[in-house]
Participant: 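Please see the structure below; I have some questions.
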Amino acid sequence: MSRKVVRSSKFRHVYGQPVKADQCYDDIRVSQMTWDGNFCSVNPKFLAIVVEASGGGAFLVLPLSKTGRLDKAAPVVSGHTAPVLDVEWCPHNDHIIASGSEDCSVMVWAVPEAGLVRSLSDPLVTLEGHSKRVGIVTWHPTAQNLLLSAGCDNAVTVWDVGVGQAALSMDEMHPDAIYSAAWNQDGSLLCTACRDKRVRVFDPRAGGAVANELPRPHEGSRPVRAITVNDGKLFTTGFSRMSERQVALWDLRKPEEPLTLQELDTSSGVLLPYYDPDTNVVYLTGKGDSSIRYFELTGEAPFVHYLSMFTSKESQRGGGWMPKRGLDVSKCEIARFYKLHERKCEPIAMTVPRKSDLFQEDLYPDTAGPDAALTSQEWLSGKNASPILISLKDGYTPQKTREFKVNQTLLQGPKRSQHSHEGTAPGSPALEQLSEDLKRLQATVSEQERRISELEQIVKK
């Protein structure tokens, strides 16, 4: 009789813990769009959620501390003329967020230090060039001011936000709509999944040459998602011919067969993977699911090890993952998911149970910090660099507002939309300065008129 040996892992007992009801974000009209996106993005300062809006597209931006019931008159970011499909915070500036929309445009927004006081309708930059809706926006992980967008026009564009122009454009590589696009850890390669059932891995700077390709990672007709993981491997989610949901791990040196392929269930929701390179753990969420699965990736067979599953009663409409620097290391929190319900957002902490209150160095290796390793021009010229790492031993303290440099003269060309003239929005610094100058001028004129009146009285006498 053989005895089954339980694999040793420090993440085997990870459990999900929802916050208390008063720490949720309530009365939020989460977007009803059928797009397979997250509809949510979060950083150590703010939470952004795509919401229902009449006459255009909008998303909320809330300080993390602003929990509880949302005021019906709460300000929103509302510059798009059609529903917003994706939002993502800049990894190098916690006050900058990008949004993609059905109106075929990408907009970059600057959020004030204290959050939104009034609704924001004037973006910092408007990026126009797509001919169909833009469903994917994702920032470069190591280079400053570089933003990738992809959509239903089969095109992938890398924008240099600092000058408001497309730095790279790949229009012919994909023959059909793009389901997902993700950078590898140092931003040297891009991984895309397309409706033609192929997953492509390539360097956007190489002029459209595909470095590696998976012809058909999953046999089913439903959408595929793909991300790069450590050691240059690919992790994919998809469906079998019998519509069973699957996960697979691939070695790009041998793309003919997966290292492992596992079937999960027969649900219809597309599985959205989130990978933590520090712990080698992959989390899977799906629209319409009421569970979050997590797996550990290792270098030996079967390579993908099921850890556990967090389940709840209510299904999710999307959600966002907190960057590692925003987690509570004192509670051994290794991930935090902001789950979107129909009318609220519920944070769920993934925790490793430990008895000691000391800093757990094995759970928190140095992680990617907020500093960019390269300028946009350095990356475009061919340089690559790993993320600049920081230690979480003493916790992460958000730095003061970072300056986001934008060349205004280059942004006033024909590609800039009528909504994007910075400095003329109500409450903008330029308008407040003009108002102060006008008040001073009026005071000077009044003083001059008073003195003229006094002189006239003296002459009459």
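Only this structure's heavy atoms are used, side chains among them; waters, hydrogens and symmetry mates stay out. Predicted model only: the values in this text are computed from it and were never measured.
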Participant: Are there more than 12 heavy atoms of other residues, nucleotides or ligands under 6.0 Å from atom CG of Asp357?
Facilitator: no

Participant: Taking the ring of Trp321 and the ring of Trp89, is the distance between their centroids below 6.0 Å?
Facilitator: no

Participant: Tell me every residue that passes side-chain hydrogen bond (donor to acceptor under 3.5 Å, both in side chains) with Ser330, counting only those two or more places apart in sequence or in another chain.
Facilitator: Asp328

Participant: Less than 6.0 angstrom separating the ring centers of Phe46 and His95, yes or no?
Facilitator: yes

Participant: Does one side chain, of Ser376 or Asp160, offer a donor that lies under 3.5 Å from an acceptor on the other?
Facilitator: yes

Participant: Side chains of Asp196 and His174: closer than 4.5 Å at any heavy-atom pair?
Facilitator: no

Participant: Compute both the distance and the angle, then confirm whether Lys339 meets the cation-pi test with Phe310: under 6.0 Å from the six-membered ring centre, within 45 degrees of the axis.
Facilitator: no

Participant: For Trp379 versus Ala143, what's the shortest heavy-atom pair and its separation?
Facilitator: CB-CB, 3.8 Å

Participant: For the backbone of Ile97 and the side chain of Glu88, can you confirm whether one donor and one acceptor N or O come within less than 3.5 Å of each other?
Facilitator: no

Participant: Looking only at non-hydrogen atoms, find the nearest pair between Val224 and Ala193 and report the distance.
Facilitator: O-CB, 3.4 Å

Participant: Show your working on side-chain contact (heavy atoms from CB on, under 4.5 Å) between Phe337 and Thr285 and close with a plain yes or no.
Facilitator: CA-CA 10 Å; Phe337 181 61; Thr285 61; 3.8 Å; yes

Participant: Using a strict cut-off of less than 4.0 Å between a Lys/Arg side-chain nitrogen and an Asp/Glu carboxylate oxygen, indicate whether Asp265 and Arg245 qualify as a salt bridge.
Facilitator: yes

Participant: Is it the case that the side chain of Asp251 and the backbone of Arg253 share a donor-acceptor pair, with hydrogens and angles ignored and the cut-off at 3.5 Å?
Facilitator: yes

Participant: Decide whether His218 and Gln246 meet the rule of one side-chain donor and one side-chain acceptor closer than 3.5 Å.
Facilitator: yes

Participant: Using the salt bridge (Lys or Arg N to Asp or Glu O under 4.0 Å) rule, take Glu257 and Lys254 through it: C-alpha gap first, then chi angles, then the decisive distance, then the call.
Facilitator: CA-CA 7 Å; Glu257 290 289 331; Lys254 301 174 183 177; over 6 Å; no

Participant: Between Arg336 (side chain only) and Gly326 (backbone N and O only), is there a donor and an acceptor less than 3.5 Å apart?
Facilitator: yes

Participant: Just wondering, do Pro141 and Gln185 contact through their side chains at under 4.5 Å, heavy atoms?
Facilitator: no

Participant: How many angstroms lie between CZ in Arg293 and CE in Met309, if you round to the nearest 0.5 Å?
Facilitator: 5.5 Å

Participant: Mind checking whether Asn230 and Asn280 have side chains closer than 4.5 Å, heavy atoms only?
Facilitator: yes

Participant: Under the side-chain contact (heavy atoms from CB on, under 4.5 Å) rule, what do Leu70 and Leu60 come out as? Steps first, then yes or no, please.
Facilitator: CA-CA 10 Å; Leu70 182 73; Leu60 275 172; 3.5 Å; yes

Participant: A side-chain contact here means heavy atoms from C-beta on lying under 4.5 Å apart; do Val14 and Thr351 qualify?
Facilitator: no

Participant: Would the distance check show the side chain of Asp71 and the main-chain N or O of Ala74 forming a donor-acceptor pair, the cut-off being under 3.5 Å?
Facilitator: no

Participant: If we only count heavy atoms from C-beta on, is the Cys345 to Leu47 side-chain gap below 4.5 Å?
Facilitator: yes

Participant: Any carboxylate oxygen within less than 4.0 angstrom of a Lys/Arg side-chain nitrogen, looking at Asp26 and Arg343?
Facilitator: no

Participant: Does Trp35 use its side chain to pair, donor to acceptor, with the backbone of Gly135 at less than 3.5 Å?
Facilitator: yes

Participant: Search all heavy atoms of Thr192 against all heavy atoms of Ala181 and return the closest pair with its distance.
Facilitator: CG2-CB, 4.1 Å

Participant: Looking at Glu346 and Val19, would you say the former's side chain and the latter's main chain have a donor-acceptor pair under 3.5 Å?
Facilitator: no

Participant: Roughly how far apart are Phe11 CZ and Asp362 CG, rounded to 0.5 Å?
Facilitator: 7.0 Å

Participant: Please round to the nearest 0.5 Å and tell me the distance separating atom NE2 of His130 and atom CG of Asp153.
Facilitator: 5.5 Å

Participant: Between Ser9 and Glu296, is there a side-chain donor-acceptor contact under 3.5 Å, judged purely by atom types and distance?
Facilitator: yes

Participant: How many angstroms lie between CD1 in Ile178 and OG in Ser180, if you round to the nearest 0.5 Å?
Facilitator: 9.5 Å

Participant: Could you check Leu168 against Thr157 for side-chain contact (heavy atoms from CB on, under 4.5 Å), going step by step and ending with a plain yes or no?
Facilitator: CA-CA 6 Å; Leu168 301 167; Thr157 304; over 6 Å; no

Participant: Would you confirm whether Gln262, through its side chain, and Val304, through its main-chain N or O, come within 3.5 Å as a donor-acceptor pair?
Facilitator: yes

Participant: Just wondering, do Tyr294 and Ser308 contact through their side chains at under 4.5 Å, heavy atoms?
Facilitator: yes

Participant: For a quick test of reading the model, state the closest non-hydrogen atom pair linking Gly16 to Met350 and the distance between them.
Facilitator: CA-SD, 3.7 Å

Participant: If you take all heavy atoms of Glu314 and His341, which pair is closest and at what distance?
Facilitator: OE1-ND1, 3.1 Å

Participant: Determine which pairs satisfy side chain to side chain donor-acceptor pair (under 3.5 Å) with at least one residue from residues 380-395, sequence neighbours left out, and list them in order.
Facilitator: Arg205-Asn384

Participant: Got a salt bridge between Asp176 and Arg195, using NZ or NE/NH1/NH2 to carboxylate O under 4.0 Å?
Facilitator: yes

Participant: If every non-hydrogen atom of Thr236 is compared with every non-hydrogen atom of Ala226, which pair is closest and at what distance?
Facilitator: CG2-CB, 3.9 Å

Participant: If we ignore hydrogens and angles and just use 3.5 Å, is the side chain of Ser101 paired with the main-chain N or O of Ser105 as donor and acceptor?
Facilitator: no

Participant: Apply side-chain contact (heavy atoms from CB on, under 4.5 Å) to Val329 and list each qualifying residue two or more places apart in sequence or on a separate chain.
Facilitator: Phe359, Tyr364, Leu392

Participant: Do Leu271 and Leu264 have side chains that approach each other closer than 4.5 Å (heavy atoms only, starting at C-beta)?
Facilitator: yes

Participant: Quick check for you: to the nearest 0.5 Å, what is the distance between Gln17 atom CD and Glu333 atom CD?
Facilitator: 11.0 Å

Participant: Tell me if a side-chain donor or acceptor on Asp186 pairs with a main-chain N or O of Ser188 at a distance below 3.5 Å.
Facilitator: yes

Participant: Would you say the side chain of Thr298 lies within less than 4.5 Å of the side chain of His305, judging by non-hydrogen atoms?
Facilitator: yes

Participant: Are Leu297 and Phe235 close enough, and set up right, to give a side-chain contact (heavy atoms from CB on, under 4.5 Å), and what steps lead you there?
Facilitator: CA-CA 10 Å; Leu297 308 184; Phe235 184 89; 4.3 Å; yes

Participant: Working to the nearest 0.5 Å, report the span between CD1 of Ile28 and CD1 of Ile49.
Facilitator: 4.0 Å

Participant: Does Asp36 come within less than 4.0 Å of Lys287, counting only side-chain N to carboxylate O?
Facilitator: no

Participant: Has the side chain of Asp276 got a donor or acceptor atom that lies under 3.5 Å from a matching backbone atom of Val281?
Facilitator: no

